[in-house]
Amino acid sequence: MGIYLNSKSPFGQFLDEAAATYFVDKSEMLTHLIPLTSCSGSYIGQAGGSIGKSNKYICITRPRRFGKTITACMIASFFGKGTDSGSVFEHLKISSHEKFHCHLNQHNVIYISFNELPQNCTDFHSYIGRIQKILKKDLKKEFPDVEIHEDDAVWDILNAVYETEDARFIFVLDEWDYIFHRDFVTNRDKSAFLEFLSNLLKGKAYVELAYMTGILPIAKYSSGSELNMFFEYTMATKEKYSDCFGFTDSEVDELYQRYLSVTPVPRITREDLKYWYDGYQTVSGKRLYNPRSVFGALSDNQTGSYWTSSGPYDEIFTISDRMWMR
């Protein structure tokens, strides 16, 4: 097990979240992803496997503080071989899926959080070099029988692993566009990063599934064809996945009842939560609550502005994504 490949870290984060008082079970989202993967290592035509489908590239675009990271951790924890996560998932909604055990901890998962920087990072080459170095090290450790050279590109190593070991990988890439907001990144660096992702993912047989999250739509960063293989899902233009991020009215109702049962002197009304945090609308017309805000208010027993927009994230309000806020 490595830092990126079959890492224990995503499960550690998800485990903490699942144990929280105001945890909301969003595991049914996995029912959308399971059909895009192979079952216990089987391939097309075996056990209903469906790898090779063109929609195995998924990009979720959401504002920050909307549960993207914990959802990415959930996906990596469910599919990944890095740890036995059955003790948590057996108590979640996904456990009723007919192929639950077929997929639970049965896949090679590469989980990368792109918002992690090298120490004292001041240039793009240090940033991308760290990612490549760690991933190469993980692959070399996990597949010692595959001939790997230090100067090999990551995608060449992955191709060699696929050819030698028949191994495929689920990529879970969180905050993929983080680097675009760093002051030290030039336009040339941005182009190089897009090329890196394209070389890593596009048209590669070793990619079983690529799940990626970001703040703004891909088109905001790329006007070319580098990442055109992704099916992109925004909050206000696509209904699919709309309930997987943010809290619905019924979920907040449940959380509020939980709040009343554990809080000695409740100071928040259900109407307060609606007034303060019912601020988003999906394309299907459903209202959504910002998870961080609801969690913060119920935990602190006080309403307030728990969602802050600052820096480059303010751009979320300028895109033509028809996102409404109070």
Side-chain angles (χ1 to χ4, degrees), residues 2-7 9-10 54 56-61 68-69 72 75-76 108-143 146 148-163 167-232 312:
I3 304 300
Y4 291 155
L5 175 59
N6 297 328
S7 170
S9 294
S54 60
K56 66 180 180 180
Y57 297 95
I58 305 296
C59 183
I60 302 292
T61 299
K68 296 190 302 298
T69 293
I75 294 168
N108 286 307
V109 171
I110 294 174
Y111 174 90
I112 302 176
S113 180
F114 281 103
N115 62 358
E116 295 176 348
L117 298 174
Q119 184 176 359
N120 302 320
C121 182
T122 58
D123 64 271
F124 172 73
H125 294 291
S126 298
Y127 170 80
I128 201 66
R130 171 182 174 271
I131 292 171
Q132 296 181 81
K133 181 180 179 180
I134 292 174
L135 188 48
K136 287 180 182 181
K137 184 178 180 180
D138 286 354
L139 290 166
K140 189 172 183 179
K141 179 181 177 182
E142 185 73 13
F143 301 99
V146 178
I148 296 175
H149 304 286
E150 288 298 324
D151 57 349
D152 287 343
V154 170
W155 40 89
D156 289 333
I157 296 173
L158 287 163
N159 271 322
V161 170
Y162 172 69
E163 295 291 343
R168 290 185 178 227
F169 301 85
I170 292 177
F171 289 81
V172 180
L173 309 178
D174 191 28
E175 303 282 1
W176 80 271
D177 53 353
Y178 173 85
I179 194 64
F180 288 89
H181 308 309
R182 300 302 95 192
D183 292 338
F184 60 77
V185 177
T186 66
N187 288 332
R188 179 176 293 183
D189 294 335
K190 294 175 184 178
S191 296
F193 183 63
L194 290 172
E195 186 176 0
F196 167 78
L197 290 176
S198 179
N199 286 330
L200 180 65
L201 302 171
K202 191 171 184 178
K204 297 298 192 292
Y206 57 72
V207 176
E208 184 175 7
L209 171 69
Y211 174 91
M212 195 165 76
T213 75
I215 301 293
L216 297 177
I218 291 174
K220 175 72 179 180
Y221 308 101
S222 172
S223 59
S225 61
E226 299 97 341
L227 303 180
N228 64 357
M229 67 283 199
F230 277 95
F231 284 73
E232 191 162 21

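Residue numbers run from 1 in the order of the sequence given. Below, all heavy atoms of this structure are taken into account, side chains as well, without hydrogens, waters or symmetry copies. As the structure is a prediction and not an experimental result, all values here were calculated from the model.
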Among F196, Y4, F193, which residue meets the ring-ring contact (aromatic ring centres under 6.0 Å, His included) test with F114?
F193
Would you please indicate if the ring centroids of F230 and W176 are separated by under 6.0 Å?
no
Any donor-acceptor pair under 3.5 Å linking the side chain of K56 with the backbone of V207?
yes
Measure the spacing between CD1 of I112 and CG of L5 and express it to the nearest 0.5 Å.
10.0 Å
When rounded to the nearest 0.5 angstrom, what is the spacing between NZ in K204 and CG in N159?
6.5 Å
Can you tell me how far the CD1 atom of I131 sits from the CD1 atom of I179, to the nearest 0.5 Å?
7.5 Å
With sequence neighbours left out, which residue pairs that include part of residues 151-163 fulfil the salt bridge (Lys or Arg N to Asp or Glu O under 4.0 Å) condition?
none
Measure across A167 and N108 and return the closest heavy-atom pair with its distance rounded to 0.1 Å.
CB-ND2, 4.1 Å
Is the shortest heavy-atom distance from the side chain of I110 to the side chain of L158 under 4.5 Å?
yes
Does any non-hydrogen side-chain atom of L173 lie less than 4.5 Å from one of L201?
yes
Ignoring hydrogens, what is the shortest heavy-atom contact between V146 and A160? Give both atom names and the distance.
CG1-CB, 3.9 Å
In terms of relative ring orientation, are F171 and Y206 parallel, tilted or perpendicular, with 30° and 60° separating the classes?
tilted
Compute the centroid of each ring, for Y178 and then for Y127, and state whether the two points are separated by less than 6.0 Å.
no
With no hydrogens and no angle check, just 3.5 Å: does a side-chain donor-acceptor pair link N228 and S225?
no
Look up atom CD1 in I75 and atom CD1 in I170, then write down how far apart they are to the nearest 0.5 Å.
9.0 Å
Which atom of P118 lies closest to which atom of S126, heavy atoms considered:
CG-O, 3.3 Å
From T122 atom OG1 to D183 atom CG, the distance as rounded to the nearest 0.5 Å:
12.0 Å
Looking only at non-hydrogen atoms, find the nearest pair between Y57 and G203 and report the distance.
OH-N, 3.5 Å
Could you check D189, L216, I215, L194 and say which one makes a side chain to side chain contact (heavy atoms under 4.5 Å, CB included) with F180?
L194
Applying side chain to side chain contact (heavy atoms under 4.5 Å, CB included) to S7 and not counting sequence neighbours gives S9, P10
If you define the side chain from C-beta out and look only at heavy atoms, does anything of I157 sit under 4.5 Å from K136?
yes
If you take all heavy atoms of V109 and A76, which pair is closest and at what distance?
CG1-CB, 3.9 Å
Would you mind telling me which of D174, I60, I58, I218 makes a side chain to side chain contact (heavy atoms under 4.5 Å, CB included) with M212?
I218
R168 side-chain N/O to Y162 backbone N/O, donor-acceptor pair under 3.5 Å
no
K137, NZ atom: more than 12 neighbouring heavy atoms under 6.0 Å
no
Heavy-atom closest contact (I3 atom, D138 atom, distance)
N-OD2, 3.0 Å
Quick check: do E232 and T61 have side-chain heavy atoms less than 4.5 Å from each other?
yes
A quick test of your reading: do over 12 heavy atoms of other residues, nucleotides or ligands sit less than 6.0 Å from NZ of K202?
yes
One should read off an interatomic distance between R188 CZ and S191 OG, to the nearest 0.5 angstrom, of 9.0 Å
